[in-house]
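These numbers come from a predicted model, not from an experiment.
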Amino acid sequence: MHLFFQDKWEVEGLQTVGILLVVCSSLKLMHFLGLIDLSVADSVEDDFELSTVCHRPESMDKLQEQTKFTKKELQVLYRGFKNECPSGVVNEENFKTIYSQFFPQGDSSMYAHFLFEAFDTNKNGSVSFEDFVFGLSIILRGTVNDRLNWAFNLYDLNKDGCITKEEMLDIMKSIYDMMGKYTYPSMQDDAPREHVENFFQKMDQNKDGVVTIDEFIDSCKKDENIMQSMQLFDNVI
């Protein structure tokens, strides 16, 4: 995995790695929560309905209607989520703790913060089971446009509808920190800024200093490497 990321980092640019990290971290999160093993789902439905937690999720049938997961997949996701988050919600610090297990060689706290913000759609400082499955449904089962919209929202830190160089630099630095600077000794301290310039040269089509959602989606769709990375979502479960 490290060699794969290293080749992508050095050859294709950090914008592709950023999307790959959304893919792979989502897959790791699903594995961590037990979605890979569907055999444990049979006894979960009663657990889902009868568990006493601070936050009670919506009914299974309603969540199935609102997402692209099957009932069995939702049952397994809930089992894993409840095991890690008995209260029914996860706050940012707990999210960072869980996420740090995925990238022990670096500091994932800032990238985990950005990812938490993307899942916390209600902006109430916590991610419920509903928030979690709604996000995963888009990432894993959404259309290409759905997935790219979600990634754009992750990078648009102040949610004003465009990505600035300052926002992208914060994202790039967080990815660099998460992967661990000693994993890539050839990279210099100014490498994240260089990647930002490359990102804007590719994405900022009208050269106005910001990247809009339309520019982002159009540029990503024209990038073969990004489109290939999006295919890692397909047939996950």
**Message:** Under the criterion side-chain contact (heavy atoms from CB on, under 4.5 Å), I'd like the reasoning laid out for T212 against F152: C-alpha separation, chi angles, the key distance, then a yes or no.
**Reply:** CA-CA 9 Å; T212 65; F152 180 89; 5.5 Å; no
Rounded to the nearest 0.5 Å, what separates atom [atom1] in [X] from atom [atom2] in [Y]?
X    : Y    : atom1 : atom2 : result
N145 : I217 : CG    : CD1   : 4.5 Å
C162 : D208 : SG    : CG    : 8.0 Å
D120 : L115 : CG    : CG    : 11.5 Å
N153 : I163 : CG    : CD1   : 9.5 Å
K96  : I98  : NZ    : CD1   : 13.0 Å
S128 : F81  : OG    : CZ    : 6.5 Å

Taking C-beta and beyond as the side chain, do [X] and [Y] meet within less than 4.5 Å on heavy atoms?
X    : Y    : answer
C220 : D218 : no
M60  : K72  : no
F69  : R141 : yes
F134 : T67  : yes
L148 : I213 : no
D156 : F216 : no
Q105 : F103 : yes

**Request:** Take H113 and E92, measure what side-chain contact (heavy atoms from CB on, under 4.5 Å) needs, and give me the verdict at the end.
**Result:** CA-CA 7 Å; H113 165 73; E92 184 171 342; 2.5 Å; yes
Shortest non-hydrogen contact between [X] and [Y], atoms and distance:
X    : Y    : answer
L169 : R193 : CD2-NH2, 3.3 Å
G209 : F200 : O-CE2, 3.4 Å
L154 : L157 : O-CD2, 3.4 Å
F116 : V90  : CE1-O, 3.6 Å
S126 : V89  : CB-CB, 4.2 Å
I138 : D146 : CG2-O, 3.5 Å

For the residue pair [X] and [Y], confirm or rule out a side-chain donor-acceptor distance under 3.5 Å.
X    : Y    : answer
N94  : T97  : no
S219 : Q205 : yes
S174 : D177 : no
S109 : D107 : yes

**Step-by-step side-chain contact (heavy atoms from CB on, under 4.5 Å) determination, D204 to F199** = CA-CA 8 Å; D204 184 11; F199 174 89; over 6 Å; no
Judged by atom type as modelled, is there a donor-acceptor pair below 3.5 Å linking the side chain of [X] to the main-chain atoms of [Y]?
X    : Y    : answer
N122 : N124 : no
E197 : P192 : no
Q66  : L63  : no

**Carboxylate-amine/guanidinium proximity below 4.0 Å for E215 and K202** = no
**Request:** Determine whether V210 and M203 fall in the same hydrophobic cluster, where Ile, Leu, Val, Met, Phe, Trp and Tyr are linked whenever their side-chain heavy atoms lie under 4.5 Å apart.
**Result:** no
**Request:** Check side-chain contact (heavy atoms from CB on, under 4.5 Å) between K123 and all other residues, then give those that pass, not counting sequence neighbours.
**Result:** E117, K159
**Message:** I want to know whether W150 and Y155 have ring centres closer than 6.0 Å.
**Reply:** no
**Asked** Between F129 and K82, is there a cation-pi geometry (under 6.0 Å to ring centre, at most 45° from the normal)?
**Response** no
**Asked** Under the side-chain contact (heavy atoms from CB on, under 4.5 Å) criterion, do V133 and E73 qualify, and how do the steps go?
**Response** CA-CA 10 Å; V133 295; E73 289 165 350; over 6 Å; no
